[in-house]
Amino acid sequence: MSGQRVGMVGIGYAGLPLAVELARVGNHVTGYDIDTARVALVNAGRSPVDTVTDEDIRSLDGRLSASADPAVLADCEVIVVCAPTPVTGERPDLRPLLGATAAVRDQLRPGHLVIVESTTHPGTTDSMLLPVLEESGLKAGVDFGLAYSPERIDPGNASYGITTTPRVVGGLTAACADRAVEFYRQVTVVHRAKGMREAEAAKILENTYRQVNIALVNEFAQLCHSMDIDVWDTIDAASTKPYGFASFRPGAGVGGHCIPADPLYLVHQAATMGLPFHMAETAHRVNEGMPLWVADRIAKDLGATADPVGSPTVLLLGVTYKADTADTRHTPAVPIAASLLERGFDVVFHDPYADELTWPEGRITAVSDLDAALAGADMTVLLQRHREYTPERIAGARWLFDTTGSAALADLAL
């Protein structure tokens, strides 16, 4: 199977790592992306995402290239769609995925295998994307293959990546599934699902499972605080049970593209059918409220008022949504910072991976001198356990509030 011509639609956090691995085993991969800056970086041997290094790209001996022209897809044998599926407000936005599918449609040729990786609600591929592709005049399952395989990228995870995480694959037909399974077996082991809808549902279930369990420990942490119970010690104690308990840890909120967004695709789809998805809806509300609860804790402990004159300074440490990554999508640091600013606090932040935080109503930039920021802040709030934030490195904090359970010398904790 190696040595194929592969078109990767979308070369961001999901598409680029897979493109690199496919090129590494001998395929010739062309990334198509409407972001011309991203295309230029890849062609210059530089990575636009922090989950792929420049050396990863440069080591491929020209087997990976990029283009902003969808015509490059016509000569490919396999086309993988890794378009974003954002949530606007709390409503799924399929426009980027539908746009990417239309671009594939216009280049579709007999014999192509099209694989969709974008996370979406069950039924999207066969009921929404298939009709778009068939506008080409070609019939899915006959003239071209169609399959679904959800991406399982976990940025910053040193143990599980493209080659060590099993793939779930579902095909429109048995022959479509056969081709897709063989394709992914180049880079990892594959689990064959009954069909595309089962594969789509599996991804939603995975992230809903995480959303629900994170919400459980977040709400539990609030109860423990009210009852003067150490939530971290409680979790450690429960984790000694060798069965029936999976450890999740509370935090300042849930960020990234997947967990806050993916369950909402099924919540929305279920609602259109008159069906509830109570667990996912409740978990979403709990996790979305966690940053404001943290902001309330900060305000109460500092005893600040809304008067900005002489207001205390709060230093936020680690504003990316996950440790040791540069991704700030849906980071809980934004609602925390926004809430504190509204209350009249001075808010600054430090993060080795981010230079600024922006939201529609505001913007703050990073401070570069961590020692000076620690010494000058009335309260330092550890939001993310970046490797740089060792106990020794942040020992200069005048008052440390730890939301991660990692700072042994913290004055306050969740």
Side-chain angles (χ1 to χ4, degrees), residues 84-94 119-122 200-201 203-227 229 231-232 234-235 238 245-300 316 319-322 327-343 357 359-362 381 383-384 401 403-405 413-414:
T85 48
V87 170
T88 303
E90 293 192 0
R91 293 182 63 85
D93 184 358
L94 290 175
T119 303
T120 185
H121 66 261
E200 289 168 328
K203 177 59 184 291
I204 299 293
L205 176 61
E206 293 168 15
N207 283 338
T208 302
Y209 171 84
R210 294 174 66 188
Q211 172 87 302
V212 167
N213 280 280
I214 292 169
L216 170 63
V217 295
N218 277 340
E219 195 164 39
F220 184 72
Q222 296 179 35
L223 291 173
C224 284
H225 172 68
S226 298
M227 300 169 69
I229 296 170
V231 66
W232 308 106
T234 302
I235 292 172
F245 181 83
S247 178
F248 285 77
R249 299 176 71 82
V254 176
H257 172 262
C258 292
I259 298 177
D262 292 355
L264 294 179
Y265 271 76
L266 192 51
V267 168
H268 180 74
Q269 181 65 11
T272 65
M273 303 168 64
L275 301 172
F277 193 12
H278 295 309
M279 293 292 288
E281 293 179 79
T282 301
H284 177 74
R285 287 196 298 271
V286 170
N287 287 331
E288 287 292 287
M290 197 65 183
L292 297 182
W293 183 79
V294 170
D296 287 343
R297 283 279 312 272
I298 296 168
K300 181 178 179 180
L316 306 179
V319 298
T320 60
Y321 91 88
K322 192 174 185 183
D327 197 343
T328 59
R329 290 178 296 178
H330 205 84
T331 172
V334 164
I336 291 172
S339 177
L340 293 175
L341 287 169
E342 289 174 0
R343 299 165 195 251
L357 274 183
W359 59 97
E361 300 81 19
V381 184
L383 296 179
Q384 197 54 262
F401 177 14
T403 71
T404 73
L414 286 183

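Every value quoted in this text rests on a predicted model; they were computed, and no experiment measured them.
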Task: Donor-acceptor contact present, side-chain D327 to main-chain T320, <3.5 Å - done: no

Task: Donor-acceptor contact below 3.5 Å, side chain R297 vs main chain A413 - done: yes

Taking all non-hydrogen atoms of both residues, which atom of [X] and which atom of [Y] are closest, and how far apart?
X	Y	result
A252	V294	CA-CG2, 3.9 Å
L316	A333	CD1-O, 4.2 Å
L414	V231	O-CG1, 3.5 Å
P263	Q211	CG-CB, 4.2 Å
I235	S247	CG2-OG, 3.5 Å
Y321	G255	CD1-C, 3.3 Å

Interatomic distance, [X] atom [atom1] to [Y] atom [atom2] [nearest 0.5 angstrom]:
X	Y	atom1	atom2	result
R249	N213	CZ	CG	14.5 Å
E281	H278	CD	NE2	7.0 Å
R329	C258	CZ	SG	7.0 Å
N207	L264	CG	CG	11.0 Å
M279	L216	CE	CG	8.5 Å
I259	H330	CD1	NE2	10.5 Å

If we only count heavy atoms from C-beta on, is the [X] to [Y] side-chain gap below 4.5 Å?
X	Y	result
E200	H121	no
P122	L266	yes
W359	P335	no

Open item on the list: Within a 6.0 Å radius of atom CZ on F248, are there more than 12 heavy atoms belonging to other residues, nucleotides or ligands?
Closed with: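 Atom CZ in F248 is packed in, count exceeds 12.
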
- [ ] Check the surroundings of atom CD in Q269: do more than 12 heavy atoms from other residues, nucleotides or ligands lie under 6.0 Å from it?
- [x]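 Yes, CD of Q269 has more than 12 neighbouring heavy atoms, counting only those of other groups under 6.0 Å.
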
Task: Q222 and M290: CA distance, side-chain angles, deciding distance, side-chain contact (heavy atoms from CB on, under 4.5 Å) verdict - done: CA-CA 9 Å; Q222 296 179 35; M290 197 65 183; 3.3 Å; yes

Task: Check against side-chain contact (heavy atoms from CB on, under 4.5 Å), T85 and L94 - done: CA-CA 6 Å; T85 48; L94 290 175; 4.3 Å; yes

TODO: Mind running side-chain contact (heavy atoms from CB on, under 4.5 Å) on T208 and D262 for me, showing each step along the way?
DONE: CA-CA 7 Å; T208 302; D262 292 355; over 6 Å; no

Open item on the list: Between W293 and E219, is the side-chain contact (heavy atoms from CB on, under 4.5 Å) condition met? List the steps.
Closed with: CA-CA 10 Å; W293 183 79; E219 195 164 39; over 6 Å; no

Task: F277/Y265 aromatic ring centres below 6.0 Å - done: no

Open item on the list: Among V319, L357, V381, L383, which residue satisfies the side-chain contact (heavy atoms from CB on, under 4.5 Å) criterion with I336?
Closed with: L383

